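Following: one structure in C-alpha cells, then a few remarks.
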Amino acid sequence: MEEILIYSVVGLLCFGIMYIYLRKLKNESDVVTEKIVKAKEEGIHEPVSLYPYINEDNCIKSGACITACPEHDILGIRNGRATLINASRCIGHGACFHACPVEAITLKIGTEKRGVDLPHVNQNFETNVQGMFIAGELGGMGLIKNSVEQGKQAIDNINSAIDKSHNAQYDIIIIGAGPAGISASLQAKKNGLNAIVLEQDSLGGTVYNFPRAKIIMTSPMDLPCYGKIKLFQTSKSELLSLWKEVIEKNNIVVREHFKVDSIGKKDEQFVVSNSSGETFSANKVLLAIGRRGSPRKLGVEGEWMEKVAYKLLEPELISGKNILVIGGGDSAIESALLLAEDNKVNLSYRSDKFNRLKPKNAENILQAIEKGKIIVLFESNVTNIILDKVEIRVKDGNTLSLDNDLVYIFAGGELPTQFLEKSGIKISKRFNYTLLSHKN
Ligand SMILES: Cc1cc2nc3c(=O)[nH]c(=O)nc-3n(C[C@H](O)[C@H](O)[C@H](O)COP(=O)(O)OP(=O)(O)OC[C@H]3O[C@@H](n4cnc5c(N)ncnc54)[C@H](O)[C@@H]3O)c2cc1C
Ligand code: SF4
C-alpha cells in the first residue's frame, strides 16, 4: 500500500511537472503565434532581403539563434521549432547561423514566392556595363564590415584596370557615401586615383538614418587610410564621427545632397548628372548606393529648402512648430502622429481617403483627426514651399496659405533596381537563393 502511494505521488509529481512544462511551451508558442499574426498585419513577416532559413527537420529548439540575434523578434520558438517572426527586419549579421549547434540555419535571399532583384556583377565587382562597378549591400551582401571590405576591393580592381590617359574630369565617380562608398573613396586616395563621391543625402548612408540610440553591432574591420577599427559594439555618433574625421583628414571630396539621376556615356567616358542638369565625367563609376533607394520628390517650387525632409529623424527634439506632412501611407501617418504630440500638424494627401494602412495606424489617425490633433486635407496638392509658409491647392480649387516651419514628404521612392536598369545594368530575380550555408 505504501509503495502504491509512493508510486502514485511520484507519478503525480512527474505528471504535474510535465503538465507545467507543456503548458509553459504552449504559452510561449502562443506568444510567438500572436507576434507572427501582428507581423503579418504590419507586413514585416515576409523576408525582403537576407534572412535565416530554418531546416525544421534539424532544429532541436536550442534557442541559441534567438539568444545570439542582436535584433529583436526576428526568430522565435513555436511548437518546438525555431520560426521566423519579423523576418523583414533581419539585417544579415549571421549570428544565428554561427550560433546554431546543429547547423540548422542557412542564410538565404528571396523566398520561393518572393524573389529579390540582384544586379549582375563578376568577381571583380564589375557589372555588364564595362567600367561600371558595384560594391556594398546593393550587390546582395549587407553589413557595415562587408560593405567596407567590398568598397576597398572594388577600387583595387578598378585601379589595376584603369588607363589614366583618359580625358574625363575624374578617374572615378563613387555614387553613395555609406560604408562602401566611404571605404572606396579612402582606398582611391591611397591608390592615387582622382575621385569624387556623390551622395543624395548625408555622409554615412544607412547608418546616418539609424535611430540615435541604436547599438551598432559589427566586427573589427580595416578602413583604408585609418587602419584597424577594433569595434564590436558602437554608437551611430561614434562611427559617423570616425568616418567624418578620416574623410576630412584625407581631403576626400564628398558632394552631399547630389542625387544622381542618370549615368550616360560621351566619348567613351561616363557622364553622371542630377535632375538640375549638373554633370561630372569620369573614366569609371562605382555604385555604392545600397538597397534602400531614393525618396521620390514632388517637383514643386521651394522643395530644395533646408526645412524640407524625406524622413523623420529624432521627432522628440521637435516642438512648437507648424508642420506639414505630405503623403497618405504608413510612414506619413506614423510621422504625423509622432509630431502631433508637441507640434501643430497638417497632413496633405492627394487621394480622397487613406488606403491599405496598417490597422493600428488607421485607428490612430482617425482618433487624432476626431480630437483635432491633426488636420487632414484630402484631395490636396502642395504647389509652393516658401520660407515661412506653404501653399496648398485644395479640393474646391482654392489655394490655402499655411504658416509653416517644417515639411516632411513621404511620396514613396525609386527602387535601386529602377536606377540600375536605367543605367543599363542587368538584374536577375533570385528566389530562395542560398548566400551562406554550412556546406559552402
Ligand atoms: C535598421 C538597420 C539596422 C542595421 N544594423 C546594423 C548593424 O548593427 N551592424 C551592421 O554591420 N549593419 C547593420 N545594418 C546594415 C548596414 O547598415 C548596411 O548593410 C550598410 O549600411 C550597407 O552599406 P552600403 O554602403 O552598401 O549602403 P548604404 O549604407 O545604404 O549607403 C548607400 C548610400 O547611397 C546613397 N544613394 C542612393 N542612391 C543614390 C543616388 N541616386 N545618388 C546619390 N546617392 C545615392 C544613399 O543616400 C546612401 O547614403 C543595419 C541596417 C538597417 C536598415
Ligand atoms: S542574420 Fe542576424 S539579424 Fe538575421 S536572424 Fe540571424 S542574427 Fe538575427
Side-chain angles (χ1 to χ4, degrees), residues 31-32 35 38-39 42 44-45 47-52 62-77 82 84-100 105 107 136-138 140-152 176-183 186 199 201-223 226-247 288 290-292 309 311-318 331 334-335 338 435-436:
V31 171
V32 172
K35 286 182 181 174
K38 191 157 173 266
E42 293 182 355
I44 53 175
H45 177 63
V48 288
S49 186
L50 205 63
Y51 70 100
S62 77
C65 52
I66 299 161
T67 315
C69 181
E71 307 305 314
H72 284 299
D73 284 343
I74 310 268
L75 296 155
I77 300 278
L84 293 172
I85 304 175
N86 298 329
S88 74
R89 298 255 162 95
C90 171
I91 55 161
H93 292 283
C96 51
F97 172 85
H98 295 291
C100 178
I105 287 185
L107 289 189
E137 194 162 356
L138 180 63
M141 197 50 138
L143 293 187
I144 296 164
K145 183 185 175 202
N146 294 335
S147 297
V148 164
E149 192 50 44
Q150 287 193 5
K152 208 164 54 180
I182 292 172
S183 154
L186 292 164
E199 166 56 54
D201 196 345
S202 302
L203 184 88
T206 298
V207 175
Y208 178 82
N209 292 307
F210 285 171
R212 199 156 30 126
K214 170 166 167 53
I215 294 174
I216 301 174
M217 315 290 293
T218 184
S219 333
M221 62 190 114
D222 269 319
L223 189 67
Y226 179 85
K228 196 128 198 129
I229 302 182
K230 289 192 193 124
L231 288 173
F232 292 91
Q233 275 192 17
T234 181
S235 67
K236 165 181 164 175
S237 62
E238 190 179 6
L239 201 53
L240 288 180
S241 309
L242 190 152
W243 284 337
K244 223 170 161 191
E245 195 189 312
V246 193
I247 288 282
R291 298 188 64 83
R292 291 160 64 91
K311 59 180 172 277
L312 176 63
L313 292 176
E314 305 180 346
E316 65 283 6
L317 302 183
I318 305 167
S331 309
E334 282 163 21
S335 302
L338 280 170
L435 267 183
L436 193 59

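Owing to the predicted nature of the structure, the values given are computational and were not obtained by experimental measurement.
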> Checking side-chain contact (heavy atoms from CB on, under 4.5 Å) for the pair Leu203/Leu240: CA distance, chi angles, key distance, verdict?
Replying inline: CA-CA 8 Å; Leu203 184 88; Leu240 288 180; 5.9 Å; no

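- To the nearest 0.5 angstrom, Leu312 atom CG is 10.0 Å from Ser331 atom OG.
- Nearest heavy atom pair, residue Ile91 against residue Leu143, reads O-CD2, 3.5 Å.
- Taking every heavy atom of both residues into account, Arg291 and Ser49 meet most closely at NE-OG, 4.2 Å.
- Distance check: Leu239 CG to Ile182 CD1 gives 8.0 Å after rounding to the nearest 0.5 Å.
- Under the rule for a side-chain contact (heavy atoms from CB on, under 4.5 Å), the partners of Asp222 that lie at least two apart in sequence or sit in another chain are Lys152, Lys228.
- Counting non-hydrogen atoms of neighbouring residues, nucleotides and ligands closer than 6.0 angstrom, the NZ atom of Lys244 reaches no more than 12 such neighbours.
- Residue Ile105 comes nearest to Cys65 through the heavy atom pair CD1-CB, 3.7 Å, listed as atom of the first residue, atom of the second, then distance.
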Could you go step by step and tell me if Leu242 and Thr234 meet the side-chain contact (heavy atoms from CB on, under 4.5 Å) rule? CA-CA 11 Å; Leu242 190 152; Thr234 181; over 6 Å; no

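- Across all their heavy atoms, Ala39 and Asn86 have their closest contact at CB-OD1, 3.1 Å.
- The minimum heavy-atom distance linking Pro52 with Cys96 is given by the pair CB-SG, 3.8 Å.
- Side chain of His45 to backbone of Ile85: a donor-acceptor contact under 3.5 angstrom is found.
- Remark: the backbone N or O of Ile44 is paired with a side-chain donor or acceptor of Ser88 at under 3.5 angstrom.
- Other residues, nucleotides and ligands place more than 12 heavy atoms under 6.0 Å from the CG atom of Leu317.
- Under the side-chain contact (heavy atoms from CB on, under 4.5 Å) criterion, Ser241 pairs with no residue at all, not counting sequence neighbours.
- For NZ of Lys38, the number of neighbouring non-hydrogen atoms (other residues, nucleotides, ligands) closer than 6.0 Å is 12 at most.
- Taken from OG in Ser235 to CD1 in Ile216, the straight-line distance is 6.5 Å, to the nearest 0.5 Å.
- The ring pair (Phe, Tyr, Trp, His ring centres under 6.0 Å) check on Phe97 picks up His438, with sequence neighbours excluded.
- The heavy-atom pair separating Ser183 from Gly151 by the smallest distance is OG-C, 4.0 Å.
- The distance from atom CG of Leu84 to atom CG of Asp73, rounded to the nearest 0.5 Å, is 12.0 Å.
- If you take CG on Leu107 and SG on Cys90, they are separated by 7.0 Å, rounding to the nearest 0.5 Å.
- Heavy atoms of other residues, nucleotides or ligands lying less than 6.0 angstrom from CZ of Phe210 number more than 12.
- His93 pairs with exactly one of Pro70, Cys69, Ser219 by the side-chain contact (heavy atoms from CB on, under 4.5 Å) rule, that one being Pro70.
- Within the 4.5 Å cutoff, the side chain of Asn209 has heavy atoms near those of the Asp201 side chain.
- Taken from OG1 in Thr218 to CG in Leu231, the straight-line distance is 7.5 Å, to the nearest 0.5 Å.
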